[in-house]
Amino acid sequence: MLRIIAGEARGRRLGTPRGRTTRPTSDRVREALFNILGNRVIDSLFLDLFAGSGAVGLEALSRGARRVVFVENNRQALKCLMANIKATGLEGRGQVMALDARRALVTLARRRETFDLIFSDPPYRQGWGELILPAVIPVLAPGGLVILETAVTEAGPAITGLEIIAVRIYGDTALNFYKRAGGLAVGVYDSD
């Protein structure tokens, strides 16, 4: 069972979608991610791609993100996501887009929306990083970060326009941190 780790919804339990089509980010990985992000989360605009249960985006809201957009198109995951948003009492600051991630990114870019933090947890070992990362560039705010979760056995892809600045490994999971190429990103250093 997943739970919110910190902030205003701390300790609230989260449901997970039935079946094997989604793989929720573990409490351990989420805690490490938010420890790395620290105060960057407060008052941020956060995009949660392949949101699944919504655990990452809900953690961001609980820790003070101004707004989170959740992108998910799996029906079972959407039911779970909606229930989790309601159960945490954070529905006023969250928006769900029931779309494929690529279509959602096109829609957000057309609306000229940008995000300080973009988290993407696509299915492992299916090449989604190469497809999604170029599409996040138009919605990445200046100084923003993109975090791509992958299996430890797959490297974060090299993408024109983005620069990988850190990789953190947690068991069989890797968090790959990107910034806009040539841009500034504060608070993530690859020191270990």
A.B. asks: Evaluate Arg40 against Asp116 for salt bridge (charged side-chain N to carboxylate O under 4.0 Å, His left out), listing each step before the verdict.
C.D. replies: CA-CA 8 Å; Arg40 290 180 68 107; Asp116 306 301; over 6 Å; no
A.B. asks: Might you point out which heavy atoms bring Leu133 and Pro157 nearest each other, and give the distance in Å?
C.D. replies: CD1-CG, 3.8 Å
A.B. asks: Thr173 versus Val29: any side-chain heavy-atom pair under 4.5 Å?
C.D. replies: yes
A.B. asks: Please report the closest heavy-atom contact between Ile159 and Gly129, naming both atoms and the distance.
C.D. replies: CD1-O, 4.4 Å
A.B. asks: Taking salt bridge (charged side-chain N to carboxylate O under 4.0 Å, His left out) as the cut-off, I'd like each qualifying pair that reaches into residues 56-65, sequence neighbours left out, listed once.
C.D. replies: Arg30-Glu59, Glu59-Arg63
A.B. asks: Could you walk me through whether Tyr178 and Ile165 pass the side chain to side chain contact (heavy atoms under 4.5 Å, CB included) check?
C.D. replies: CA-CA 6 Å; Tyr178 293 83; Ile165 57 172; over 6 Å; no
A.B. asks: So, are Glu72 and Lys79 salt-bridged, with charged N and O less than 4.0 Å apart?
C.D. replies: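 Not counted as a salt bridge, because no side-chain N and carboxylate O are separated by less than 4.0 Å.
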A.B. asks: Could you pull out the closest heavy-atom pair between Leu49 and Ala101, with the gap in Å?
C.D. replies: CD2-CB, 4.4 Å
A.B. asks: Considering residues, nucleotides and ligands other than Arg10, do more than 12 of their heavy atoms fall under 6.0 Å from its CZ?
C.D. replies: no
A.B. asks: Does the side chain to side chain contact (heavy atoms under 4.5 Å, CB included) test come out yes or no for Ile4 and Thr88, once each step is laid out?
C.D. replies: CA-CA 9 Å; Ile4 299 293; Thr88 59; 4.2 Å; yes
A.B. asks: Can you sort out the partners of Asn176 under side-chain hydrogen bond (donor to acceptor under 3.5 Å, both in side chains), two or more places apart, ordered by chain and number?
C.D. replies: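 Only Thr150 meet the side-chain hydrogen bond (donor to acceptor under 3.5 Å, both in side chains) criterion with Asn176.
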A.B. asks: Is atom CG of Asn35 surrounded by more than 12 heavy atoms (other residues, nucleotides or ligands) closer than 6.0 Å?
C.D. replies: yes
A.B. asks: Give, for atom CG of Asn74 and atom CG of Leu81, the distance between the pair rounded to the nearest 0.5 Å.
C.D. replies: 10.5 Å
A.B. asks: Checking side chain to side chain contact (heavy atoms under 4.5 Å, CB included) between Val68 and each of Leu90, Ile85, Leu61, which is the one that passes?
C.D. replies: Leu61
A.B. asks: Verify, without hydrogens or angle tests, whether Asp48 (side chain) and Gly57 (backbone) share a donor-acceptor contact under 3.5 angstrom.
C.D. replies: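 Between the backbone of Gly57 and the side chain of Asp48 there is a qualifying donor-acceptor contact (under 3.5 Å).
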A.B. asks: Could you go through Ile118 and Val139, starting from their C-alpha distance and side-chain angles, then the distance that decides it, and tell me whether this counts as side chain to side chain contact (heavy atoms under 4.5 Å, CB included)?
C.D. replies: CA-CA 9 Å; Ile118 300 173; Val139 299; 3.9 Å; yes
A.B. asks: Measure the spacing between CZ of Phe46 and CG of Leu37 and express it to the nearest 0.5 Å.
C.D. replies: 7.0 Å
A.B. asks: What pair of heavy atoms forms the shortest contact from Ala104 to Val71, and how long is it?
C.D. replies: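 Closest heavy-atom pair between Ala104 and Val71: CB-CG1, 3.6 Å.
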A.B. asks: Does Arg112, at its CZ atom, have more than 12 non-hydrogen atoms belonging to other residues, nucleotides or ligands within less than 6.0 Å?
C.D. replies: no
A.B. asks: Give the minimum heavy-atom separation between Gly15 and Cys80, together with the two atoms involved.
C.D. replies: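 Nearest heavy atoms, Gly15 then Cys80: O-SG, 3.1 Å.
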A.B. asks: Whether the side chain of Ser62 engages the backbone of Leu58 through a donor-acceptor N/O pair (distance < 3.5 Å, no angle test) should be reported.
C.D. replies: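 Side chain of Ser62 to backbone of Leu58, a donor-acceptor pair under 3.5 Å: no, none is there.
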A.B. asks: Taking Glu8 first and then Arg93, would you say they form a salt bridge - that is, a charged N and a carboxylate O separated by under 4.0 Å?
C.D. replies: yes
A.B. asks: Who are the side-chain hydrogen bond (donor to acceptor under 3.5 Å, both in side chains) partners of Thr153, not counting sequence neighbours?
C.D. replies: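 Per chain and number, Thr153 pairs via side-chain hydrogen bond (donor to acceptor under 3.5 Å, both in side chains) with Arg125.
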A.B. asks: What are the two closest non-hydrogen atoms of Ile169 and Ala174, and how far apart are they?
C.D. replies: CD1-CB, 3.7 Å
A.B. asks: Give me the one residue out of Leu117, Leu140, Leu105 that meets side chain to side chain contact (heavy atoms under 4.5 Å, CB included) with Leu47.
C.D. replies: Leu105
A.B. asks: Please confirm whether the backbone N or O of Ala151 pairs with a side-chain atom of Glu154, one donor and one acceptor, at under 3.5 Å?
C.D. replies: yes
A.B. asks: Please report the interatomic distance CD1(Ile132) to CG(Asp100), rounded to the nearest 0.5 Å.
C.D. replies: 6.5 Å
A.B. asks: What do the steps show when you test Ile5 against Arg3 for side chain to side chain contact (heavy atoms under 4.5 Å, CB included), and what is the final call?
C.D. replies: CA-CA 6 Å; Ile5 298 163; Arg3 64 186 172 85; 4.1 Å; yes
A.B. asks: Run the salt-bridge test on Lys179 and Glu163 with the 4.0 Å N-O cut-off and return the result as yes or no.
C.D. replies: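 Yes, charged N to carboxylate O under 4.0 Å.
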A.B. asks: Applying ring pair (Phe, Tyr, Trp, His ring centres under 6.0 Å) as the test, list every pair that has at least one member in residues 127-152; sequence neighbours left out.
C.D. replies: Phe50-Trp128
A.B. asks: With Glu149 as reference, evaluate Asp121, Leu33, Val56 under the side chain to side chain contact (heavy atoms under 4.5 Å, CB included) test and give the passing residue.
C.D. replies: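 Considering Asp121, Leu33, Val56, a side chain to side chain contact (heavy atoms under 4.5 Å, CB included) with Glu149 is found only for Asp121.
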A.B. asks: Going by the ring pair (Phe, Tyr, Trp, His ring centres under 6.0 Å) test, which pairs reach into residues 61-101, not counting sequence neighbours?
C.D. replies: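 Matches after skipping sequence neighbours: none remain.
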A.B. asks: Considering only heavy atoms from C-beta outward, does the side chain of Val41 approach that of Phe34 to under 4.5 Å?
C.D. replies: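 Result yes, sub-4.5 Å side-chain heavy-atom pair found.
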A.B. asks: Output all residues satisfying salt bridge (Lys or Arg N to Asp or Glu O under 4.0 Å) with Arg13, sequence neighbours left out; order by chain, then residue number.
C.D. replies: none
A.B. asks: Please answer whether the main-chain N or O of Ser53 pairs with a side-chain N or O of Asn84 as donor and acceptor at a distance below 3.5 Å.
C.D. replies: yes
